[in-house]
Amino acid sequence: MAVLMFFWLATGLRAARGPLTTTWLNQHLPSHSRATLLSMIGQADAVGQTTGGPIVGYVAKQVSIAVALTVSALLLVPSLYLYQKAAGLGARTVKSG
């Protein structure tokens, strides 16, 4: 039962992330390249899911779910750098405005 509740929670959070991310990006991307950049983000997300998902699934099947979760976390580490850069960009935008 707890697994089902966590699944629903994760699904809801993932669904809420999309509009929030799009709103933030629309506020910070230049209008002349906004559509292209949003398209590239969507494509990168799709490629990440189609390549990363099967790899993590294979690890879970061959080794264990715990190791697969660790691999998933490690695959997300580069995004921390991007979030840090984005946060710095937002801080500079507020200071200069």
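- I55 forms part of no hydrophobic cluster, judged by ILVMFWY side-chain heavy-atom separations under 4.5 Å.
- Here the NE2-CH2 distance, from H28 to W24, works out to 5.5 Å after rounding to the nearest 0.5 Å.
- Distance check: M40 CE to S33 OG gives 10.0 Å after rounding to the nearest 0.5 Å.
- L29 meets the side chain to side chain contact (heavy atoms under 4.5 Å, CB included) test with L25, R34, L37, L38; sequence neighbours excluded.
- Judged as a side chain to side chain contact (heavy atoms under 4.5 Å, CB included), and not counting sequence neighbours, P19 has no contacts.
- By the neighbour-count criterion of 12 heavy atoms within 6.0 Å, atom CG of L76 is densely surrounded, having more than that number from other residues, nucleotides or ligands.
- Residue pairs meeting the side-chain hydrogen bond (donor to acceptor under 3.5 Å, both in side chains) criterion with at least one member in residues 47-74, sequence neighbours excluded: D45-Q49.
- Through chains of ILVMFWY side-chain contacts below 4.5 Å, V71 is grouped with V56, V59, V63, V67, L75.
- Residues satisfying the side chain to side chain contact (heavy atoms under 4.5 Å, CB included) test with T23, not counting sequence neighbours, are Q27.
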